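Just so you know, these numbers come straight off a predicted model, no measurement behind them. Computed from heavy atoms alone, side chains included, the values below leave out hydrogens, waters and symmetry copies. A note on names: the letters A, B, ... follow the listed sequences, proteins ahead of strands, and every chain is numbered from 1.
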2 protein chains.
Amino acid sequence: MKQINENTLYDVAELFKNFSDSTRIRILYCLFEKERSVTQIAELLQMNQSAISHQLRFLKNSKLVKNRREGKTIYYSLDDDHVYNIISQGIEHVEE
Amino acid sequence: MKQINENTLYDVAELFKNFSDSTRIRILYCLFEKERSVTQIAELLQMNQSAISHQLRFLKNSKLVKNRREGKTIYYSLDDDHVYNIISQGIEHVEE
DNA sequence: AATACATATGAACAGATGTTCATATGTTCA
DNA sequence: TGAACATATGAACATCTGTTCATATGTATT
């Protein structure tokens with residue numbers, strides 16, 4: 001087992017916090033396929049726009065999603081190669 | 001991307017909840033090396049026994065740790081092969 | 001049986017978290 | 001410029017979460 005820094009585990013907990021809420025993980029999962037706008041995500045998840053927007057900010061701060069503007073619309077997409085792998089591993093775990 | 005069940009993502013969020021708290025992840029991490037008693041864990045993490053005990057129950061319910069009694073002492077150890085991999089991947093992520 | 005040790009448990013509390021509502025900001029198009 | 005659309009934001013609120021304290025349960029030893 002490799003030696004790790006004192007604070008690393010706190011950062012790891014912060015990282016996993018992103019995946020510990022069903023709204024956030026559903027947002028990330030629906031971005032697996034392709035980028036989507038805030039409105040599209042809200043419709044997909046059947047939740048109101050503000051709730052999605054708040055969670056997207058959370059995910060953006062964690063650098064898990066990025067966005068780009070196209071006119072009035074802002075498209076969000078995954079910003080981290082690890083996201084796919086981490087969630088996939090989680091899915092594998094629970095489906096056993 | 002594979003097709004997943006409606007409820008799977010909720011379960012995945014539940015799974016990651018285990019790793020989203022620094023106390024729990026530190027407990028799990030110190031069990032990487034070997035099994036440890038509640039008191040040993042409390043000393044290692046410099047936290048009181050009750051807090052550790054509560055979190056161990058949490059982790060036990062999630063089937064991430066198991067325990068065995070030896071006299072007065074109860075030893076906890078990891079109960080899931082995935083735990084090691086999931087946390088390792090988290091560590092890798094934050095150390096980049 | 002009484003004491004000491006190890007762990008578990010429930011209640012109480014403070015702080016964190018997620019959602020909603022109202023509204024602000026930013027963009028497009030007429 | 002004004003209206004319509006898309007998104008962001010702050011405040012308020014209810015709920016959830018993690019810790020502590022006090023105490024209960026379980027085991028070993030004398």
In whole Å, I'd like the distance from the [atom1] atom of [X] to the [atom2] atom of [N].
X: A/Ile41; N: D/dT7; atom1: CD1; atom2: C1'; result: 11 Å
X: A/Gln49; N: C/dG26; atom1: CD; atom2: C1'; result: 13 Å
X: A/Ile74; N: C/dT27; atom1: CD1; atom2: P; result: 8 Å
X: A/Tyr10; N: D/dG18; atom1: OH; atom2: P; result: 14 Å
X: B/Asn48; N: C/dA6; atom1: CG; atom2: C1'; result: 14 Å
X: B/Leu45; N: D/dT20; atom1: CG; atom2: P; result: 12 Å
X: B/Arg36; N: C/dT7; atom1: CZ; atom2: P; result: 13 Å
X: A/Glu14; N: C/dT17; atom1: CD; atom2: P; result: 8 Å

Distance-only donor-acceptor test (3.5 Å): side chain B/Ser50, base D/dC21 = yes
Do B/Thr73 and D/dT27 share a donor-acceptor pair, side chain to base, under 3.5 Å?
-> no
Donor-acceptor pair, side chain of [X] and main chain of [Y], under 3.5 angstrom:
X: B/Lys66; Y: B/Leu78; value: yes
X: B/Ser53; Y: B/Gln49; value: no
X: A/Asn61; Y: A/Phe58; value: no

For D/dA3, the Watson-Crick or wobble counterpart (both distances under 3.5 Å) | C/dT28
How are the rings of A/Phe16 and B/Phe16 set to each other: parallel, tilted or perpendicular (split at 30° and 60°)?
-> parallel
Nearest to side-chain heavy atoms of B/Val38, which nucleotide of C/dA6, C/dA8, C/dT27 | C/dA8
Consider the side chain of A/Lys72, meaning its heavy atoms from C-beta on, and name the nucleotide among C/dA8, C/dT19, D/dC5 that approaches it most closely.
-> D/dC5
Hey, is the side chain of B/Arg24 poking within less than 4.0 Å of OP1 or OP2 on D/dT17, counting only N and O atoms?
-> no
Is there a side-chain polar atom (N or O) of B/Tyr76 under 4.0 Å from OP1 or OP2 of C/dA8?
-> yes
Which heavy atom in A/Arg26 sits nearest to a heavy atom in A/Leu45, and how many Å separate them?
-> NH2-O, 3.3 Å
So which heavy atom on A/Asn5 is nearest to which on B/Glu95, and how close?
-> N-OE2, 4.3 Å
Which residues in residues 51-58 of chain A have at least one heavy atom lying under 4.0 Å from any atom of DNA chain C?
-> A/Ala51, A/His54, A/Gln55
A/Lys17 near the nucleic acid: base, sugar-phosphate alone, or nothing, with a heavy-atom cut-off under 4.0 Å?
-> sugar-phosphate
Derivation of the side chain to side chain contact (heavy atoms under 4.5 Å, CB included) call for B/Leu31 and B/Arg36 = CA-CA 7 Å; B/Leu31 296 179; B/Arg36 297 185 198 270; 4.0 Å; yes
